[in-house]
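Inspection log for the structure reproduced underneath, given as structure tokens.
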Protein chains: 2
Amino acid sequence: MIIRIEAEADVPIYTQLTNQIIVGIARGEIIPGDSLPSVRAFAADLGVNMHTVNKSYHELEKRGIIKIVPKSGAIISPMEQITSEKQQQILSELKPVLAEALVLGVSKKEVQQLVGTILEEMKER
Amino acid sequence: MIIRIEAEADVPIYTQLTNQIIVGIARGEIIPGDSLPSVRAFAADLGVNMHTVNKSYHELEKRGIIKIVPKSGAIISPMEQITSEKQQQILSELKPVLAEALVLGVSKKEVQQLVGTILEEMKER
DNA sequence: AAATTTGTTCTATTAATTATAGAACAGTTT
DNA sequence: AAACTGTTCTATAATTAATAGAACAAATTT
């Protein structure tokens, strides 16, 4: 899994990392049961602080995507039953992005094609 | 256009406002040429600070969605030609959200249905 | 068994962000 | 003329983001 961190971006480093790990899982590059690198090893690899990686891992756990086993490691969780609360969460994240696309002049058909293209590179779980 | 601000949310007030204005435009509730309320009037209406609304307006202008005319007002811009830069911007915002949905157990078909549902309440420009 | 690695926890510092507040200015609108 | 507009300035407070180092106890590796 290729992680690319831009230090000067306006989105926080730990958020960039969180998002790219999620995409890596969606792509099937890492699957449920797999372990993420240790916070120290990953931090050294990316050239960021240990605590920054730790923050990203806890963000992923909070969202139900990984399970952190104390003194052991961070393991990708199996698929859960989707709750209406989480569906609401996804809706509130998705709506502004789609709205922006339309406002900037992307047609509905193009939006759906873009979504289709993105989904193509991801695996069903 | 109904704006709902949650002061205790983890997303900043000016971002909440920005997003809801974008959704309002996408819905066709406000159209190109329309003016947004003055920063003072809007701030008083929402119960937030003038500078917070001002920050939201400048965020919208930065994204090419409104035009601020000094000493006059904030006007919704007409649709522009979509640039590849903006398309890339939308892609980088959309991808993590779709990935999260899949990782949390939403099927590709359900994602596309969800996108379709969101698009239904919005107007083509 | 010993050494290393693990996530956790603690203090600490720096910089940036977020939100509020008030005042003053000059141009626009009523 | 009066009211309203966005702009600009200083100011303050709270939070967030990122880094740093140290120490701990449990798990893993050698």
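For clarity, every value in this text was computed on a predicted model and none was experimentally measured. Throughout, protein chains are lettered first and strands after them, A, B, ... in sequence-line order, and every chain is numbered starting at 1.
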With 3.5 Å as the limit, what N/O pairs link the protein to nucleotides 24-30 of chain D?
residue : atom : partner : partner atom : Å
D:dA27  : O4'  : A:Lys71 : O            : 3.4

Every protein N/O lying under 3.5 Å from an N/O of nucleotides 11-18 of chain C:
residue : atom : partner : partner atom : Å
C:dT18  : OP1  : B:Tyr14 : OH           : 3.2
C:dT18  : OP2  : B:Tyr14 : OH           : 3.2
C:dT18  : OP2  : B:Lys55 : NZ           : 2.9

*For A:Glu124, look at atom CD and say whether over 12 heavy atoms of other residues, nucleotides or ligands are found less than 6.0 Å away.*
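Counting other residues, nucleotides and ligands, CD of A:Glu124 exceeds 12 neighbours.
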Mark yes or no for whether [X], through its side chain, and [Y], through its backbone, hold a donor-acceptor pair below 3.5 Å.
X        : Y       : answer
A:Glu93  : B:Val97 : no
B:Glu100 : A:Ile22 : no
B:Gln20  : B:Arg4  : yes

Which whole-number value in Å describes the distance from [X] [atom1] to [N] [atom2]?
X       : N      : atom1 : atom2 : result
A:Phe42 : C:dG7  : CZ    : C1'   : 16 Å
A:Glu6  : D:dA18 : CD    : C1'   : 17 Å
B:Ile68 : D:dT8  : CD1   : C1'   : 14 Å
A:Met50 : D:dT19 : CE    : P     : 11 Å
B:Ile66 : D:dG6  : CD1   : P     : 10 Å
B:Leu60 : D:dG6  : CG    : P     : 14 Å
A:Leu46 : D:dA18 : CG    : P     : 13 Å

*So do B:Ser56 and B:Ile21 actually touch side chain to side chain, heavy atoms under 4.5 Å?*
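Side chain of B:Ile21 against side chain of B:Ser56, heavy atoms only: contact under 4.5 Å found.
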_Contact check, side chains of A:Leu98 and B:Leu94, non-hydrogen atoms, under 4.5 Å_ =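 Yes; the side chains approach each other to less than 4.5 Å.
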*Looking at B:Val53, B:Thr52, B:Leu60, which one forms a side-chain contact (heavy atoms from CB on, under 4.5 Å) with B:Leu17?*
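Of all the options given, the one that passes is B:Val53.
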_Chi angles and distances behind the side-chain contact (heavy atoms from CB on, under 4.5 Å) call for A:Thr83, A:Gln81_ = CA-CA 6 Å; A:Thr83 65; A:Gln81 189 70 21; 6.0 Å; no
*asked:* Holding to side-chain hydrogen bond (donor to acceptor under 3.5 Å, both in side chains), I want the full list of residues that pass it with A:Gln16, two or more places apart in sequence or in another chain.
replied: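 Listed in chain order: nothing, the list is empty.
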*Please check the phosphate of D:dC4 (OP1 and OP2 only) for any side-chain N or O of B:Ser38 closer than 4.0 Å.*
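False: B:Ser38 side-chain N/O out of range (4.0 Å or more) of D:dC4 OP1/OP2.
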*Start at the 5' end of DNA chain D and walk down; is the nucleotide closest to A:Val48 or to B:Asn54 reached first?*
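The residue mapped nearer the 5' terminus is B:Asn54.
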*Identify which nucleotide among D:dG6, D:dT7, C:dT20 has an atom closest to any side-chain atom of B:His58, counting heavy atoms from C-beta outward.*
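Nearest to the side chain of B:His58 among the choices is D:dT7.
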